[in-house]
Amino acid sequence: MFIFQTGVGTRALFAATDSLGLTDVLLQLLDSAQVVVRGPKPTTVLHSRKVHIDRAANGSYAFRQVPRAS
């Protein structure tokens, strides 16, 4: 499971993997994992990389909870 909380952190992660030539590896890991986001900013970054999102908190507020999986 990967949990993305901020757009800045998500962009930084991809910048690091881009510079190391490891983005394809990260994308493969994300493809086989559950991906959870806290709000719209990491969602935008992940969608730009064509990453699926399994769970998202409602709204962009940090205090909201991500719905539980059934």
Side-chain angles (χ1 to χ4, degrees):
M1 177 182 289
F2 287 81
I3 301 172
F4 294 92
Q5 297 187 30
T6 68
V8 170
T10 306
R11 279 192 302 279
L13 175 63
F14 279 103
T17 60
D18 287 344
S19 69
L20 295 169
L22 295 173
T23 301
D24 287 341
V25 174
L26 176 61
L27 291 172
Q28 289 174 3
L29 290 169
L30 289 169
D31 191 47
S32 63
Q34 285 192 352
V35 178
V36 179
V37 296
R38 181 188 63 94
K41 292 178 183 177
T43 299
T44 300
V45 176
L46 293 170
H47 281 166
S48 75
R49 299 290 185 136
K50 307 222 182 328
V51 175
H52 75 278
I53 295 172
D54 297 295
R55 298 264 176 225
N58 295 327
S60 61
Y61 303 102
F63 64 85
R64 300 250 175 133
Q65 292 184 358
V66 174
R68 284 188 171 186
S70 300

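Everything numeric here is computed off the predicted structure, so don't read it as measured data. Heads up: numbering here begins at 1 and tracks the sequence.
- Proximity of Phe4 to Leu30: side-chain heavy atoms (C-beta onward) are separated by under 4.5 Å at one or more points.
- Panel note: side chain His52, backbone Ala33; a donor-acceptor pair is recorded below 3.5 Å.
- Taking 4.5 Å as the limit, every side-chain heavy atom of Leu26 sits out of range of all side-chain heavy atoms of Arg49.
- Residues Arg38 and Ile3 form no side-chain contact, since every pair of their non-hydrogen atoms from C-beta on lies 4.5 Å or further apart.
- Of all heavy-atom pairs between Ala56 and Ile53, the closest is CB-CG2, 4.5 Å.
- Looking at Thr10 and Leu46, their side chains come closer than 4.5 Å, going by heavy atoms from C-beta outward.
- One distance of note links CG of Leu22 with CG of Leu27; it measures 11.0 Å at 0.5 Å rounding.
- Atom CZ of residue Arg11 and atom OG1 of residue Thr44 lie 9.0 Å apart, to the nearest 0.5 angstrom.
- No path of Ile, Leu, Val, Met, Phe, Trp and Tyr side chains, each step under 4.5 Å between heavy atoms, connects Val8 with Leu13, placing them in separate hydrophobic clusters.
- No donor-acceptor pair closer than 3.5 Å links the side chain of Asp54 to the backbone N or O of Val36.
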